[in-house]
Amino acid sequence: MTYDPGAAMRNIVLRNLFRGPYTEPSPPVADEALKQLAASVNQAAMRRLGRSLSIREVDAGSCNGCELEIHALNNAIYDLERFGLRFVASPRHADVLLVTGPVTKNMREALERTYRATPDPKWVVAVGDCAISGGLFSGSYAVEGGIKGIIPVDLNIPGCPPTPEQLLRGLLALLS
Amino acid sequence: MSDAILHELMGAGRVVAAHRPWPRVEVDRAVWQLAAAHLKDGKLTCFGLWAESQEPPHVHLALLAETTHQVVVLTLACPDGRFPSIGAVHPPALRLERAIQDLHGLTAEGLPDSRPWLDHGRWTVRHPMKPTASAAQPLLPYAFLPATGDGLHQIPVGPVHAGIIEPGHFRFTANGETVVRLEPRLGYVHRGLESLMQGAEVGHGAKLAGRASGDSTVAYAIAFCKAAEAAAGIVVPPRALWLRALAAEIERIANHCGDIGAICNDASFTLLFMEFGVVRERVLRAARACFGHRLMMDFVVPGGVAADPSADSLIDLRSLRAYVAKQLKNLTQIYDTTASLQDRTVGTGIVSTELVHQYGAGGVVGRASGRTFDARRLPLQAPYDHLQFAVPVLKAGDVNARVWVRIQEVEQSLNLLDQLLGDLPDGPVCADANFSGMSGQGIGVVEGFRGDVLAWLRLDHGRIARCHLRDPSWFQWPLLEAAIEGNIVADFPLCNKSFNCSYAGHDL
Ligand code: SF4
């Protein structure tokens, strides 16, 4: 048999063509998230929701567990982009800030500046117990104890860390 | 030879009885400085350096004799709040001492770089680990190290990055495309974890340790629990040891698969990123079925593990094992035969063997540059003493070598899964871990996916009096600076990903 360096890659492409994508059906939108959004977002901003949205992720002192699961949203199984939600590299391109971590004192200014750099209208999603309330780190001299009070929060997605499915169900509320 | 040196150091001090499993020795300044000289000469490896703020304050220096795998902790009392700097003669200790100065207010005499490290001047207190912490004071702006010459320019990056990564600041000095100096500034993720440990119950301490660095939650929880169990003399039942190792190997497989894919992604080869992402996802789902949580947080508890996995989920692990093995083989073949990918990884970001030995760099970073150390090979690391596995070591020290060490480590971990599942002992999964009233000191070391995690703990009447966690990244971050030198700026993400140091584990 002759050596064929492209064989393995070709096999993958063919397999994916014939078997279809890895992507799983979308989970239902989280009711709780819908309620929260209805309460926090005004009508003008609401009209902009439901379309394609750009997300900027900000780690404000996370243990990196939340980041791992946010990363997973980009894998072929959850494939966040099919919903018109995509991660962007700059807050200046973002509609949504997805913030993790208890907001360390050392990150507070960076978070505030990122918020200011994001054009209006914008939405803030607190991801994980740390971002919502400080989680296990509340009470430390080095953290603010969550995002609330630093920048306005529109939606909380609890969990330590929230699973990709929980993240997806929460984020889909921004689109419905 | 290094063994003889450790014995000599031990003989020159007073051995502390209540410290397990490795000895701790109280020494004087002369012996402390002798140890520093041995570190400088490369006869011993710095395994950790931390302080305790009780009266009088102490500094502890963990030493490793590489060839014989002996570990000893030296302790120096600092009644006047000062100790001779190790970093003055042995640079790997520099940042650890800067952190000690920030947290405890002790002075490392002769420390050549005494800029604050974790303290950015934003905490509510100064020297937060001191019993009488003082009010915070504004700090001078951080002075980055200079680089001068014609045509040099600086590129500041972070702490908020373009990708979904942890916060840290990188200051590049470049000449055109070529990096002449990289200086990272860390500490943005400092959450005060060690101060939250103080006075906490052991069970709560394990949860905190499991959130030092989320990607290594199993490794940290095991290291912490080993230290606590050693301090209290609690014996963990065999089934729990096996299940812990199972979780640790699954953590290694999941992270390595994610990293290999992410490195390929930073070389713009998305196909492998996507394929490895699916492998990682399937591993995490199996972890959830077995251990109740995708990242396996809070599965490891003092005395053992939180729950016995169902028989079905353990059977499913075997098919997962076969699936990962098959995918790894196919995907590795693609990595190996794609010239455009190899073009980016081969010869990029080289770290020398001398440097990994000097810094005692563990994990993939060390083993891709010829350092054979793997904490699973240390004594008292059950169940690994019952298992067969190789420690893959390469010499090239480039991004490609770090990819290959990961690939080979996944293969080894898959073999370990087989062995662990094959002779999983019967019996309880948790000892009666009653810490109330217990006092003692313990040390635990675990080989996480990133390298050796060290936990040290002083238990005082059932409560944590002091717990120190040392991430492998402390001895890897400085080498990233060496790896990038002379490379182009655009290759930094690739080099950085191939290291994948922890920010959270380092900053705590
Ligand atoms: S919520 Fe949990 S996983 Fe997320 S950053 Fe906090 S401790 Fe880590």
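This one's a predicted model, so the numbers in the text were calculated from it and none came from an experiment. Naming: A, B, ... by sequence-line order, numbering from 1 per chain.
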Is chain B contacted by the side chain of [X], its backbone, both, or neither, given a heavy-atom distance below 4.5 Å?
| X | value |
| --- | --- |
| A/R113 | neither |
| A/P161 | both |
| A/S62 | backbone |
| A/V103 | neither |
| A/S138 | backbone |
| A/N16 | side chain |
| A/C160 | both |
| A/F87 | side chain |

Are there over 12 heavy-atom neighbours, none belonging to [X], within less than 6.0 Å of that residue's [atom1]?
| X | atom1 | value |
| --- | --- | --- |
| A/E112 | CD | yes |
| A/R19 | CZ | no |
| A/E165 | CD | no |
| B/R115 | CZ | yes |

Can you give me the closest heavy-atom contact between [X] and [Y], atom names plus distance?
| X | Y | result |
| --- | --- | --- |
| A/A142 | B/H190 | CB-O, 3.5 Å |
| A/A110 | B/V160 | CB-CG2, 4.1 Å |
| A/G139 | B/L196 | C-CD2, 4.5 Å |
| B/V278 | A/A76 | CG2-CB, 3.9 Å |

If you tally heavy-atom pairs under 4.5 Å against chain B, which of A/V13, A/L68, A/V143 wins?
-> A/L68
What option among [options] has the most heavy-atom pairs under 4.5 Å with chain A?
| options | result |
| --- | --- |
| B/R288, B/H293, B/M297, B/E166 | B/E166 |
| B/L118, B/D215, B/L208 | B/D215 |
| B/G192, B/A504, B/S195, B/P167 | B/P167 |
| B/R191, B/R294, B/H204, B/H120 | B/R191 |
| B/G277, B/P128, B/A339 | B/P128 |

Residue pair A/Y22 / B/E281, side-chain donor-acceptor N/O under 3.5 Å = no
Side chain / backbone / both / neither for [X] at chain A, heavy atoms under 4.5 Å:
| X | value |
| --- | --- |
| B/S502 | side chain |
| B/T338 | side chain |
| B/L295 | side chain |
| B/L284 | side chain |
| B/Q327 | side chain |
| B/R211 | both |

Spacing of [X] atom [atom1] and [Y] atom [atom2] [to the nearest 0.5 Å]:
| X | Y | atom1 | atom2 | result |
| --- | --- | --- | --- | --- |
| A/I12 | B/I334 | CD1 | CD1 | 3.5 Å |
| B/I164 | A/L98 | CD1 | CG | 8.0 Å |
| A/M9 | B/L272 | CE | CG | 7.5 Å |
| A/C63 | B/Y503 | SG | OH | 15.0 Å |

Going by heavy atoms in the side chains, are A/N75 and B/R280 under 4.5 Å from each other?
-> no
Test item: A/T104 and B/R122 side chains (from C-beta on) under 4.5 Å apart, heavy atoms | no
For the side chain of A/N106 and the backbone of B/G187, is there at least one donor-acceptor N/O pair under 3.5 Å apart?
-> yes
Name the orientation class of the two ring planes belonging to A/Y141 and B/W123 (parallel below 30°, tilted from 30 to 60°, perpendicular beyond 60°).
-> perpendicular
Quick one: do B/T124 and A/K105 satisfy side chain to side chain contact (heavy atoms under 4.5 Å, CB included)? Show the steps, please.
-> CA-CA 9 Å; B/T124 40; A/K105 304 246 178 196; 3.6 Å; yes
Electrostatic pair A/E24-B/R285, nearest N-O below 4.0 angstrom = yes
Give a yes or no on whether a salt bridge exists between B/E275 and A/R15, defined as a side-chain N under 4.0 angstrom from a carboxylate O.
-> yes
